[in-house]
Amino acid sequence: MRIDIATLFPEMCERVFKESIVGRGIKNGFIEVYAHNIRSYTEDKHRNVDDKPFGGGTGMVMQAQPIYDCVKAISAQHKSPPRVIYLSPQGETLTQDKVRELAKESGLILICGHYEGVDERVIEELNAEEISVGDYVLTGGELPALILTDAVARLQPGVLPNEDAYSIESHYDGLLEYPQYSRPEVWKGRKVPEVLLSGDHAQVLKWREMMSLEVTKKKRPDMYRAHIKTLTEKFISEFKASAEISGNVDFSTLALSDELLKLIKRGKARSIEIAKNSRLEKGAYVILTDTFGVPKFIVIITKRLENSVQFRLLYKPKKEESND
């Protein structure tokens, strides 16, 4: 993959992307990153690239011609048409999903604006996509361009030592990463969780999954809700496909303890205690979740009692079957 940054400050960009992991990725040939001085393409004899805005107002606006000629010259160096991006506070917010999408491209050209922005016509002429790194304004597009470059570069094969380096980290699967610990085992009276010292890899994995959910729920409830919604929709879709159900089905949800879920999984529990005012009745479809809201089973209510319901298990995903 090749990334080109069109900027007024190429040295600023080069100092950053020649360092650390991305720098090693470039040195080892896993990715190409270049910075180009927009000022080199101006037709102004004084090398100016900006002028006063039409209609009045404060500040200066970057002119269309230098940006256009710079991008076109860069594009000619690519084997296939690169994706052109203008780093702008008005653009789509950069997310890990967007990063994964961009990482699949063969080439990117990133345009860094300055002053009061750039002439709108060059954005239109280049059909440039606008991307923002957050809801705030910076003095220029260089820092956003470097952020995007770093995020995309590290997903290129070979840049990181292995896929696990990014496949289990924050935002990769819609969750924040679990807490990390290193030596010593006790620091200022704070101990490393015992499970991480146990050597039981299955329990460590389970703890990490639980902590990712817990951390996300606490720090980013928006991400947590979106994650649970995605899991639930996928769960329902898989159930419908397995049961050959094509029409609409209404589902209720019940969060259960891990202990009760284990009993249900093993076929040793066929009833659930519920509140007297619960609306669950015979024939209702219910998604049974763990305490974090992750769907585990789908059941149908076969009998309603005053403080409990009896049910029949309809769907247990293959993951649960393989763990029986």
Chemist: Is there a donor-acceptor contact under 3.5 Å linking the side chains of S106 and S80?
Modeler: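 Yes, side-chain donor-acceptor contact under 3.5 Å.
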Chemist: Identify every side-chain donor-acceptor pair in residues 238-247 under 3.5 Å, counting partners at least two apart or on other chains, and give the distances.
Modeler:
unit_1	atom_1	unit_2	atom_2	d
E238	OE1	Y315	OH	3.4
K240	NZ	G247	O	3.3
S242	OG	E238	O	3.4
S242	OG	F239	O	2.8

Chemist: May I ask you to test the I111-L126 pair for a side-chain heavy-atom distance under 4.5 Å?
Modeler: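 In short, these two side chains touch, coming nearer than 4.5 Å.
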Chemist: Under the side-chain contact (heavy atoms from CB on, under 4.5 Å) rule, what do Y285 and D250 come out as? Steps first, then yes or no, please.
Modeler: CA-CA 7 Å; Y285 287 87; D250 292 327; over 6 Å; no
Chemist: Taking all heavy atoms of Y41 and all of Q65, pick out the closest pair and write down the distance.
Modeler: O-NE2, 2.7 Å
Chemist: Quick one: CG on L87 to CG on L146, what's the gap to the nearest 0.5 Å?
Modeler: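 Atom-to-atom, L87:CG and L146:CG are 9.0 Å apart.
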Chemist: Rounded to the nearest 0.5 Å, how far does CZ of R208 lie from NE2 of H201?
Modeler: 10.0 Å
Chemist: Same cluster for I26 and I147 if Ile/Leu/Val/Met/Phe/Trp/Tyr side chains link at under 4.5 Å?
Modeler: yes
Chemist: ring-ring contact (aromatic ring centres under 6.0 Å, His included): which pairs involve residues 112-155, sequence neighbours left out?
Modeler: F9-H114
Chemist: I want to check something: taking the side chain as every heavy atom from C-beta on, are T289 and L256 in contact at a cut-off of under 4.5 Å?
Modeler: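 No, side chains not in contact.
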Chemist: Less than 3.5 Å apart, any donor N or O on the side chain of E142 or T7 sitting next to an acceptor on the other?
Modeler: yes
Chemist: Do you know which two heavy atoms are closest between Y224 and T216, and how far apart they sit?
Modeler: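 Nearest heavy atoms, Y224 then T216: N-CG2, 3.6 Å.
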Chemist: Could you tell me whether a side-chain N or O of N28 sits under 3.5 Å from a main-chain N or O of R24, the two making a donor and an acceptor?
Modeler: yes
Chemist: Please evaluate residues L176 and K219 with respect to the criterion side-chain contact (heavy atoms from CB on, under 4.5 Å), reporting the C-alpha separation (whole Å), side-chain torsions for both, the decisive distance (0.1 Å), and the verdict.
Modeler: CA-CA 9 Å; L176 299 181; K219 296 183 178 180; 3.9 Å; yes
Chemist: What residues form a ring pair (Phe, Tyr, Trp, His ring centres under 6.0 Å) with Y68, not counting sequence neighbours?
Modeler: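 For Y68, no residue satisfies ring pair (Phe, Tyr, Trp, His ring centres under 6.0 Å) once neighbours in sequence are set aside.
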Chemist: State whether the side chain of E43 and the backbone N or O of P66 hold a donor-acceptor pair below 3.5 Å, judged by distance alone.
Modeler: no
Chemist: With sequence neighbours excluded, give me every salt bridge (charged side-chain N to carboxylate O under 4.0 Å, His left out) pair touching residues 101-118.
Modeler: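 Salt bridge (charged side-chain N to carboxylate O under 4.0 Å, His left out) check on residues 101-118 returns R83-E101, R83-E105, K98-E101.
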Chemist: Roughly how far, to the nearest 0.5 Å, is CD1 of I3 from SG of C13?
Modeler: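 It is 11.5 Å, given to the nearest 0.5 Å.
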Chemist: Might you point out which heavy atoms bring S271 and F311 nearest each other, and give the distance in Å?
Modeler: N-CE2, 3.3 Å
Chemist: Would you say the side chain of E92 lies within less than 4.5 Å of the side chain of E129, judging by non-hydrogen atoms?
Modeler: yes
Chemist: If I compare all heavy atoms of N37 with all of R39, which pair ends up nearest, and what's the gap?
Modeler: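 What the structure gives for the nearest pair is OD1-N, 2.9 Å.
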Chemist: What is the distance from atom CD of E214 to atom CG of L175, rounded to the nearest 0.5 Å?
Modeler: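 Between E214 CD and L175 CG, I get 12.5 Å after rounding to 0.5 Å.
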Chemist: Checking H227 now: which residues fulfil ring pair (Phe, Tyr, Trp, His ring centres under 6.0 Å) with it, not counting sequence neighbours?
Modeler: none
Chemist: Cut-off 3.5 Å, no hydrogens considered: what does the side-chain donor-acceptor table look like for residues 182-197, sequence neighbours left out?
Modeler:
none

Chemist: At their closest point, which heavy atom of P53 faces which heavy atom of G59, and how far apart are they?
Modeler: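 The pair with the smallest heavy-atom distance is CD-O, 3.3 Å.
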Chemist: Would you say that M1 contacts L108 through its side chain, given a criterion of any heavy-atom pair below 4.5 Å between the two side chains?
Modeler: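 Counting from C-beta outward, M1 and L108 do come under 4.5 Å.
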Chemist: Would a 4.5 Å heavy-atom cut-off, applied to side chains only, mark L280 and S252 as touching?
Modeler: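 Yes, their side chains come closer than 4.5 Å.
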Chemist: Are V99 and I5 linked, directly or through intermediate hydrophobic residues, by side-chain heavy-atom contacts shorter than 4.5 Å (ILVMFWY only)?
Modeler: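 Result: yes, single cluster for both.
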Chemist: Quick one: do L313 and I300 end up in the same hydrophobic cluster if we chain Ile, Leu, Val, Met, Phe, Trp and Tyr together by side-chain heavy atoms under 4.5 Å apart?
Modeler: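 No, because L313 and I300 fall into different hydrophobic clusters, even though each may have its own neighbours under 4.5 Å.
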Chemist: Considering residues at least two apart in sequence or located in another chain, which fulfil the salt bridge (Lys or Arg N to Asp or Glu O under 4.0 Å) criterion with D135?
Modeler: none
Chemist: Walk me through it: do V133 and T93 pass the test side-chain contact (heavy atoms from CB on, under 4.5 Å)?
Modeler: CA-CA 6 Å; V133 295; T93 302; over 6 Å; no
Chemist: Can you list every pair that meets salt bridge (charged side-chain N to carboxylate O under 4.0 Å, His left out) and has a residue in residues 277-290, with sequence neighbours left out?
Modeler: E281-R304
Chemist: Mind listing the closest non-hydrogen atom pair of G113 and V118 along with its distance?
Modeler: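 Minimum heavy-atom contact is CA-CG1, 3.9 Å.
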Chemist: Only counting residues at least two apart or in another chain, list the ones meeting salt bridge (Lys or Arg N to Asp or Glu O under 4.0 Å) with D119.
Modeler: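 Listed in chain order: R121.
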Chemist: Tell me, which pairs form a side chain to side chain donor-acceptor pair (under 3.5 Å) where one or both residues lie in residues 13-22, sequence neighbours left out?
Modeler: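 The answer is none; no pair qualifies.
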Chemist: Using a 4.5 Å cut-off between side-chain heavy atoms of Ile, Leu, Val, Met, Phe, Trp and Tyr, which other residues end up in the same hydrophobic cluster as Y34?
Modeler: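 Traced through the cluster, Y34 reaches no other member.
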Chemist: Under the 3.5 angstrom rule, does the side chain of S237 hit a backbone N or O of E233 as a donor-acceptor pair?
Modeler: no
Chemist: How far does SG of C112 sit from CE of M12, to the nearest 0.5 angstrom?
Modeler: 8.5 Å
Chemist: Is I131 close to L102 at the side-chain level, that is, under 4.5 Å between some pair of heavy atoms?
Modeler: yes
Chemist: Same cluster or not: L148 versus I74, using hydrophobic residues (I, L, V, M, F, W, Y) connected whenever any side-chain heavy atoms lie under 4.5 Å apart?
Modeler: yes
Chemist: Going through the checks in order, is the side-chain contact (heavy atoms from CB on, under 4.5 Å) test met by L155 and R100?
Modeler: CA-CA 7 Å; L155 295 189; R100 283 196 290 268; 3.9 Å; yes
Chemist: Do I228 and I298 belong to the same hydrophobic cluster, where Ile, Leu, Val, Met, Phe, Trp and Tyr are linked whenever their side-chain heavy atoms lie under 4.5 Å apart, directly or via other members?
Modeler: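 Different clusters: I228 never reaches I298 through Ile, Leu, Val, Met, Phe, Trp or Tyr contacts under 4.5 Å.
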Chemist: Once you round to the nearest 0.5 Å, how far does OG of S278 lie from CG of N307?
Modeler: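 Interatomic distance, S278 OG to N307 CG, rounded to 0.5 Å: 10.5 Å.
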Chemist: Taking the side chain as every heavy atom from C-beta outward, state whether L314 and V299 have any atom pair closer than 4.5 Å.
Modeler: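 L314 does not reach V299 side chain to side chain.
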Chemist: Within a reach of under 6.0 Å around CD of Q310, are more than 12 heavy atoms found that belong to other residues, nucleotides or ligands?
Modeler: yes
Chemist: Is the shortest side-chain heavy-atom distance between T42 and N48 below 4.5 Å?
Modeler: no
Chemist: How would you list, by chain and number, every residue that makes a salt bridge (Lys or Arg N to Asp or Glu O under 4.0 Å) with K276, sequence neighbours excluded?
Modeler: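 Per chain and number, K276 pairs via salt bridge (Lys or Arg N to Asp or Glu O under 4.0 Å) with E306.
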